[in-house]
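What follows is a short report on a single structure.
These values consider heavy atoms only, across backbone and side chains, with no hydrogens, waters or symmetry-generated copies. Letters A, B, ... mirror the listed sequences (proteins, then strands); counts begin at 1.
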Amino acid sequence: MPGGPLTIAGRAYGSRLIVGTGKYPSFEVMRAAHEASGAEMVTVAVRRVDLTRRSGESLLDHIDTRRITLLPNTAGCHSAEEAIRTARLGREAGLSALVKLEVIGDETTLFPDTEALLHATRALVKEGFTVLPYTSDDLVVARKLRDAGAAAIMPLGAPIGSGLGIRNLVNLRLLREAITDLPIIVDAGVGTASDAAVAMEMGCDAVLMNTAIAGAGDPAAMAAAMRKAVEAGRLAFEAGRIPRRLHASASSPPEGLI
Amino acid sequence: MPGGPLTIAGRAYGSRLIVGTGKYPSFEVMRAAHEASGAEMVTVAVRRVDLTRRSGESLLDHIDTRRITLLPNTAGCHSAEEAIRTARLGREAGLSALVKLEVIGDETTLFPDTEALLHATRALVKEGFTVLPYTSDDLVVARKLRDAGAAAIMPLGAPIGSGLGIRNLVNLRLLREAITDLPIIVDAGVGTASDAAVAMEMGCDAVLMNTAIAGAGDPAAMAAAMRKAVEAGRLAFEAGRIPRRLHASASSPPEGLI
Amino acid sequence: MPGGPLTIAGRAYGSRLIVGTGKYPSFEVMRAAHEASGAEMVTVAVRRVDLTRRSGESLLDHIDTRRITLLPNTAGCHSAEEAIRTARLGREAGLSALVKLEVIGDETTLFPDTEALLHATRALVKEGFTVLPYTSDDLVVARKLRDAGAAAIMPLGAPIGSGLGIRNLVNLRLLREAITDLPIIVDAGVGTASDAAVAMEMGCDAVLMNTAIAGAGDPAAMAAAMRKAVEAGRLAFEAGRIPRRLHASASSPPEGLI
Amino acid sequence: MPGGPLTIAGRAYGSRLIVGTGKYPSFEVMRAAHEASGAEMVTVAVRRVDLTRRSGESLLDHIDTRRITLLPNTAGCHSAEEAIRTARLGREAGLSALVKLEVIGDETTLFPDTEALLHATRALVKEGFTVLPYTSDDLVVARKLRDAGAAAIMPLGAPIGSGLGIRNLVNLRLLREAITDLPIIVDAGVGTASDAAVAMEMGCDAVLMNTAIAGAGDPAAMAAAMRKAVEAGRLAFEAGRIPRRLHASASSPPEGLI
Amino acid sequence: MIDVTVNGEACRLEEGATLSSLLALLRLEAARLAVERNRRVVPRNDYAGTLLEDGDRIEVVAFVGGG
Amino acid sequence: MIDVTVNGEACRLEEGATLSSLLALLRLEAARLAVERNRRVVPRNDYAGTLLEDGDRIEVVAFVGGG
Amino acid sequence: MIDVTVNGEACRLEEGATLSSLLALLRLEAARLAVERNRRVVPRNDYAGTLLEDGDRIEVVAFVGGG
Amino acid sequence: MIDVTVNGEACRLEEGATLSSLLALLRLEAARLAVERNRRVVPRNDYAGTLLEDGDRIEVVAFVGGG
C-alpha cells in the first residue's frame, strides 16, 4: 500500500511511527521524545491506581492528547480473559475503542500466546473494539487475526526490549505478501534507526517501539532518528531500490578515458 | 567525532551525504535527485571531450556549483600514473584540489589496488591535493593512507553498484576504532536507505553513493530517503542505542496489574 | 541433552539425521542417499493407490526397514481432521504409532496451522500415537505441544524446500531454552551442510530434511555431507565452542621473538 | 578444483584441515586433538630457546612427524625483514621449505600488512620457499601474491582467535572466482564447526585453525567436529546444493491425497 | 458497615456508599479513571448511582507509561 | 449389485463383496496398504469379514515418497 | 603544417597554431575544460601562449557524470 | 675471552669457542634448533667450524606451539 498516510480502521495518521510511554527517566524526557518523534499515536498501559502513594502527577498531563491518539495496551495479561477485561477498562479510561492487544505466553521472551490472542481478538471485535494485535511473524496466525476482524497485524521483530532488530526478514516478507489488505506494524525488537528503516523497506506500514527510544542515551535524539528512519524506509520502499548483484557496475562511463 | 558538521580538510559541510552524477536517465532527474538529497558535494568523472558528437548540454549546466562542491574522481584508472594524470586534469577543470582517488585493481569487482593507491596518494598529497581515497575496509591500509596525508578514508561497503550493503560490519567497526582522526566515508555498496543508516550508526562520518539513487525506480524519492537515512543513522549514533539482549524487557510496568 | 544417542519416545536412534523419500530422480538414487546418510528413520507420505496405472515397484521395496524406521507424515493435510485420518491410515499401513504431524496453513509457504496442529496432536496422543509435530519456531506453541503429549518438537528453519537455512537463530535458541525435556528436531529449510551443522550447534537434537538431499546435484554425496555435518554440529555443541570476541587473540606466543 | 586431495606445491594431503599447536592446556591434549582432527599439517612458531628455564619437554616430542608435516609460521613479525629472517630460521629448524608467512600490520586485530607481505613473499619465493601467505580477503592482493609465486592464498575469515566465522562471504566468493589456479585456505576466524563447513562450501580448498580447537571446552571433541565439518563442507560443495527460493516446495506429492 | 476490596486492599465503608463516594474518599478524579465492579466495567456516568454491597471487588485503574 | 466409491472412482461390485475380494479384484496386496471405509480405518485382519454395502466410500492408500 | 593528436585522433594544423586556436577551431569553451599536452597539464592561462609542435599529443577533457 | 650476545643475553666465552661448543655449554641439542649468527642462518653442518668472534650476536631458536 504505497503512497499516502497510514490508515488504521478508516482513520489516517500523518506519522508511521508509533511510540510508547514507558521506561522514560522522566515525564519531561518523554514529552521531548514524543515531540521529536512526530508520532500521532502513543501506547499506554492500564494499571491499578496506587491508593497509598499517589503522586500528584499523571501520565496524561504530559501527553498532548489533541495531537496524539492514545493506544491503550493489555501488556502483562497472560490470558484472553485478563486481556479482555483490561481492554474494556482501557476503553472506559480513554473513551476510545482502540486497543493494542497483548496476550503474553512466556515470561522470558514476552512472546504472544497466539491461540489466546485469536480468542481475545474475536471477542473484542464483537464488542466494537478496533483491535491491533501484537503477534508473532506467523502469516497463518495473521490471516486468522484478519479474518477475526483485527484492524492491523503487529508482528514482533524480536523480543520486546531486546534491541535485536528484525530477526526474520523472510517471514516478514512472506507476511507482507500474504496480508495486503491490512496495515502491518512491526511491534517490538527495534534497537536502532536502521532496524526501523529495514521494517519499512520490507513494505510494512508502520513501526511501534518503546525501549529503543526510552532507553537510548538521549531519548529525544533517538526519537528524531527514528522519525527520519521510518520516513527514509518508507520513501525507499516507494522509490524502488536497485537490484542486488554480486559483481560491480561502474558509476562512471567506461568511454573517454585519457 | 560526534556532533557538528562533516569536516573534510578543514572545510565544513552541512550534509553527510555525498552523491554521484552518473547513470541518471536525464539531467533533469539528476538535478531533482541532487535537490532532494541535500548533498553539498557531488562526484564527477573526467573524460575526453567528444570532438565529433558534441551535444550542447554540459553536466555542469545542471549542477548548482554555488551550493554544491565538485569532487572529481579518477574512476576507471588502473595505475597510479593514470590516476595522477586524471587527478591533475580534474584539478585544472574544477579549479579545486579535491580528488576522489580511485585506482582500480580488478575489472569485475572494481576493487581498489591499495598498493598503487598508496603510491598515488603520496604523490598527490605532495602536489597539494586533498585526497579522498576509495579503498578497501582494511585498517592497515587505512593507517598508511592516513600517514600518507589522505584527508579521509573511503572504504567500500560492497562492490560499486552492487547494492549489497555493508558486507563486513566487523571490519568497518575495527576501522573506525583504528582511525579516529580522519573522516570515514563509506563509498560504494549502498543499496537502500537502511544500508546508509547502518554505515552512520557504526560511527562513520558520511556516505557516498551513486547507483543506489541514480538507478532507483524514482531517483528523487530515493535521494530523499537517503538524506533522511543518513541523518537518522547519525542521530542514532550520537544518541546512543540500547544494548542488545537475548531476552525480553517489558515496556509496561509489572506492578499494578488487575 | 548432550551425550548419547537421540531418544524419541523411549527409543534410541544412532543417527541424528532423519531424511525423506520424496523427489529423488530414482529409487536407486534414493537408496544410495539413504545409505550414505546413515539415517535410521525416514519419512514417507500416505497417498491413494493409483488403481489404473499401478507400477510394479513400491517405495518399500527400496527401504531396508530392518535398519530404518518409517515415519509416516500427514503432508498435504490442511485441517486437523484430515491429518488425523491420514495419521490413522499411516499407522495401519506401517504398523507403527509414529507420525510426523503436519497441518498446513498456507499453500505458498507450507507453514503450519499451529492451532489446528495442537488439536490434532491432542487427539492423536489420546489414540496412542507418538506425535512428532512439524511446527513454527514459536516456543509458546511448542510448550503447548509438549503439554499435549508430543514426543518431540519439530520447528521449521525456513519454508519447506526453500534451502534458506535457519532464518531465526534467536527464536531457535529461545526455543531450546524453553524446551529441555523433549527432543528438538529442525524440520525444513536446510539447504546445505553448514545449515545442518548450525542447527545442531544450537543444541537441537536432530535434523530432518528431504529436498536438500534429494534435489542436490549428487544426492548420495550430499547425504554423506549431511551425515558428517550433523555429527560435526553435535560434537561442536558438546565440545563447547570458544567465545566470540571482536579483537584478535594470538595463537603463537608473544614471548621469544627474535 | 573439486575432487581428489588437497595439493599444495605439488604435494597431496589427505586432509583439508590444517591445525595449530598453540594454546593447548597440555601436550597430551594437543596430541589427542591432532589425532582427532586427522590433520596432516600443523603450524608451529619459531621462538628463541629459553636458556634459563629449559624444560625437558619439547613440542616436537608430541607431534608424529612421520604422519604430520610441520608448517613453520612467522607469527609476531611486523616487517618483511623480520618475517624473512624467521622463515629462514624455520626452514633450518624444520629442514623444509614450507612457510606460513605472516606480516602483522596491527596489534589489536592481527590483520596482515599486505604490502610488506607481498615484499616478503617475493623475497622468499626467490630463496626457494613454498610460501603460504596469511592475507586479507582482498582479491587484488591475492592476485599479486599469486604472481609473486605464492603456493596458496590464505585469507582470514575474521580476526585471529575471534571465533567470528567468515564475516564477508561476498569477498570470499569473489576471491574464489578470481583465484582458480591456487588453493585457497581460510586461515583465522573460525569459531565452530559450521564456520569451517561454510568456508568449504564456498569452494575453498582447506581451512586452517588453532584457537577454535585449542580453546574449546573439549579440544579433541572439537577437533573431531572440525574434521567432519571440513569433510561435510567439501562434499556439499562437490555435490552441488539446491538453489535458494523464497517460497516452499513440497517434498511429498500433491496428488493422491485422501 | 460493608466490607469491599479496592485494588486488592480490604476497605470498610458505610452502608449506602456509592462508587462516587468511594472515589471521593480516595480523592480520585473520575475523569481519568476506569472502574470495574466485580469484573464488570462501570460506565463513568453510573458511578453516582452504583450502590456498593458487602463483598464487592472494585478495581480502579488509570493509564500509566507502557509500550 | 452395489455401487461403491474407491479412491474417488465409482465401482460396481457384486453383492456379498468384501474388502478382501475388492483388493483381490484390484490385484492389491493387503500387506502394504491401509484401507478406510466411510472414514474409519479397517484393520487388516478384518478385510475378509468386512461386507461392503451400497454407497460405501473406500480409500486404499500406501506409502509413497515424501518428506 | 603540423600533425598533432587530439584525444587520440590525428589532426593537421597550420604552423603557429596555439592551444587557444585549437580550442577555437574545435569550438570548445576553455572555461570548463582541462588540457594536457604531452602528459603535462597546461594551465588555462597559458593556452594562448602555448605554441603547438609537430607530434604533440593533446588531451582535452571535461567533467561528465560519474560516481 | 670474547663477549657475545646469545638470545639477547650477554655471554662471555673463551677464545676459540665455536657454535658447537656454545651449544654444548648450553646443553642444547643441535638436531631441533636453528641458529642465526649476526642475522645470517648458520647451517647445522657448519656449527663445528664456526668460530665465534667478539661482539657476535647469536640467536638460537626452536619450534614452539603456534597457530
Contacting region of [X] [heavy-atom separation from chain G under 4.5 Å]:
X: B:Lys23; result: neither
X: B:Leu71; result: neither
X: B:Glu82; result: neither
X: B:Ile18; result: neither

Quiz item: Among B:Glu102, B:Lys100, B:Arg85, which residue forms the greatest number of heavy-atom pairs with chain G at distances under 4.5 Å?
Solution: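 Top option by heavy-atom pairs under 4.5 Å: B:Arg85.
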Quiz prompt | Heavy-atom pair count under 4.5 Å with chain G, highest-scoring of B:Leu70, B:Asn73, B:Val19 | solution =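 If we count pairs closer than 4.5 Å to chain G, B:Asn73 comes out on top.
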Compare every heavy atom of [Y] with every heavy atom of [X], then report the nearest pair and how far apart it is.
X: G:Gly65; Y: B:Ala45; answer: O-CB, 4.0 Å
X: B:Asn210; Y: G:Gly67; answer: OD1-CA, 3.6 Å
X: G:Arg32; Y: B:Ser58; answer: NH1-OG, 3.4 Å
X: G:Ala34; Y: B:Ala93; answer: CB-N, 3.6 Å
X: G:Phe63; Y: B:Gly90; answer: CZ-O, 3.5 Å

Quiz item: Under the side-chain contact (heavy atoms from CB on, under 4.5 Å) criterion, do G:Leu28 and B:Leu51 qualify, and how do the steps go?
Solution: CA-CA 9 Å; G:Leu28 292 169; B:Leu51 302 175; 4.1 Å; yes
Exercise. Determine, for B:Arg48 against G:Glu36, whether the closest basic-nitrogen to carboxylate-oxygen distance falls under 4.0 angstrom.
Key: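 Salt bridge between B:Arg48 and G:Glu36, a charged N being under 4.0 Å from a carboxylate O: no.
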Quiz prompt | Backbone of B:Val49 reached by a side-chain donor or acceptor of G:Asn7 within 3.5 Å | solution =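 Yes; at least one donor-acceptor contact below 3.5 Å.
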Practice problem: Please say which of G:Val35, G:Val41, G:Val60 ends up in a side-chain contact (heavy atoms from CB on, under 4.5 Å) with B:Leu89. | Solution: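 Between B:Leu89 and the candidates, side-chain contact (heavy atoms from CB on, under 4.5 Å) is satisfied uniquely by G:Val41.
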Quiz item: Where does G:Val6 contact chain B at under 4.5 Å (heavy atoms): side chain, backbone, both or neither?
Solution: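 Both backbone and side chain.
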Exercise. Could you grab the distance from atom CG of B:Leu95 to atom CZ of G:Arg44, nearest 0.5 Å is fine?
Key: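 Answer rounded to 0.5 Å: 4.5 Å.
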Self-check item: Interatomic distance, B:Glu81 atom CD to G:Arg39 atom CZ [nearest 0.5 angstrom]
Solution: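 Taking CD in B:Glu81 and CZ in G:Arg39, the distance rounds to 4.5 Å.
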Practice problem: Please indicate whether B:Glu127 has more than 12 foreign heavy atoms, meaning atoms of other residues, nucleotides or ligands, lying under 6.0 Å from its CD. | Solution: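 For B:Glu127, atom CD is crowded (more than 12 foreign heavy atoms under 6.0 Å).
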Quiz item: For B:Arg67, does the CZ atom sit with more than 12 other heavy atoms under 6.0 Å from it, leaving out its own atoms?
Solution: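 Counting neighbours around CZ of B:Arg67, more than 12 heavy atoms of other residues, nucleotides or ligands fall under 6.0 Å, so yes.
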